[in-house]
Amino acid sequence: MLAAAPALSADESIRPTRVEVDLGRLRGNLAAIQAHVGGAKVMAVVKANAYGHGLVPVAQALVVAGADSLGVALLEEALILRQSGVTAPILVFGGIAETQIPLFIRHDLTLTAPSLDKLKLIDDAAAAMGVRARVHLKIDTGMERLGIHFYSAEALLEASLRAQHVQVEGIYSHFANADAADLSHARLQLERFQEVLRFYERRSLPTPQRHIANSGGILQLPESHLDLVRPGIMLYGVYPSSECARSVVVQPALTWKSHVAYFKVVQAGFPVGYGSTWVSDHPVRVVTVPVGYGDGYFRALSNKAQVLIGGKRHGLAGRVCMDQIMVNLEWGTAYYRDEVVLLGQQGGDQIRADDVAEWAGTIPYEVLTNINARVPRVYHDS
Ligand SMILES: *Cc1c(COP(=O)(O)O)cnc(C)c1O
């Protein structure tokens, strides 16, 4: 709900355009992942507003359902969770600014140490506060994003043994292509990671929690599950790519819907929408639906996407506007306030995040995370 909205009743304050999240589906997906990874722990990844599903309600539901920990990208996301009373361990994946370190420590958040410099800053800050900071070391095994290169990693592992105010609870890496049909690069990354981990064996030291598997790794590389897995997209019931194996059955938890706001007959030759890009050569029925790119419904879906009305698929007519779309019913019927499903199930048909991604020329991750704050989230349980 919008924080600045004036006083409206519960009914009035919810737009017909809304996201409905099925918490039962999320729990089911978590359970399916837990069953698939055997004894490995599960860190539920809830960054980017829980992939558009709503950070706090989703994190709370997953922790209650047995997620061992949470993963986010930013300190800000972790702080919102703490302020909402979430006490589960939270790992922040992203890079850290020196000034943020005391905040991490004060809120008992787990830091990612991707370099010798950052490790030292964390150790110094924790020493000044008289506590030990929880840390996961980050090893770059073939993505060139964040982390010490696997071929230089020994120095970081050594330094972490000497750092007196750091508790190294984990060590991790991240796959670049674990959702691809060709797993050769992912296998190479896993081998490099295993080689780094032999450091602990050589020194007869206990190994911190080892983790590398995102959804692609969970689905396609059982040998990558190690001590802990980090599912994101598959928790939400969406597969990371079309070529990725579907070795765990998960169900989409999100429905994005709106309603018919206006109905009309458009005569032949009368163009629809900005730019007049859509014209019919025969009379058609067209409805207007109050959702647009201002909500995160991509403008790239113009003249391409389909929506469900009355259990049937209908195509967009013309460009997506900021706040509205027009849908061509041909000779189908629809009435004011009939449900329109942009993403999700209606009747016997379903529009998947993959479908929307294909129409918009992107990936399902971006479809979900792009649904913005103007769209209220409503939760129910199945
Ligand atoms: C986003 C992210 C994940 C989850 O990836 P999915 O492909 O959504 O499963 C796991 N680990 C890290 C470090 C991430 O940034």
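Remember, it's a predicted structure, so these values are computed and weren't measured experimentally. Numbering of residues begins at 1 and proceeds along the displayed sequence. Whatever order the structure lists ligands and atoms in, that order sets their numbers, starting from 1.
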- Task: Quick one: do H282 and E330 satisfy side chain to side chain donor-acceptor pair (under 3.5 Å)? Show the steps, please.
- Result: CA-CA 9 Å; H282 55 282; E330 282 293 325; 2.9 Å; yes
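- Near K47, meaning under 4.0 Å from one of its heavy atoms, ligand 1 places the atoms 1 (C), 2 (C), 3 (C), 14 (C), 15 (O).
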- Query: Between N328 and W278, is a side-chain contact (heavy atoms from CB on, under 4.5 Å) present by the stated rule, with each step listed?
  - Reply: CA-CA 10 Å; N328 172 24; W278 192 93; 3.5 Å; yes
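- When every heavy atom of H225 is checked against every heavy atom of L221, the shortest pair comes out as CD2-O, 3.6 Å.
- At least one heavy atom of H174 sits closer than 4.0 Å to an atom of ligand 1.
- If you check which protein heavy atom lies closest to atom 11 (N) of ligand 1, you get R230 NE, 2.8 Å.
- Taking every non-hydrogen atom of I233 and a distance limit under 4.0 Å, the qualifying atoms of ligand 1 come out as 6 (P), 8 (O), 9 (O).
- We find the CZ-OG1 distance between F93 and T110 to be 10.5 Å, quoted to the nearest 0.5 Å.
- The atoms of ligand 1 that sit less than 4.0 Å from any heavy atom of Y51 are 1 (C), 4 (C), 5 (O), 6 (P), 8 (O).
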- Taking it one step at a time, do I351 and R313 satisfy side-chain contact (heavy atoms from CB on, under 4.5 Å)? CA-CA 9 Å; I351 292 176; R313 284 176 181 245; 4.0 Å; yes
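- Counting only heavy atoms of the protein, atom 7 (O) of ligand 1 lies nearest to Y365 OH, 2.6 Å.
- Between S160 atom OG and Q167 atom CD the span is 10.5 Å, to the nearest 0.5 Å.
- Checked by distance only, ligand 1 and P240 stay at 3.5 Å or farther apart across all their nitrogen or oxygen atoms.
- For atom 9 (O) of ligand 1, the nearest protein heavy atom (residue, atom name, distance) is S215 OG, 2.5 Å.
- Within the listing of ligand 1, atoms 15 (O) sit less than 4.0 angstrom from a heavy atom of R145.
- Considering CD1 of I171 and NZ of K138, their distance stands at 11.5 Å, rounded to 0.5 Å.
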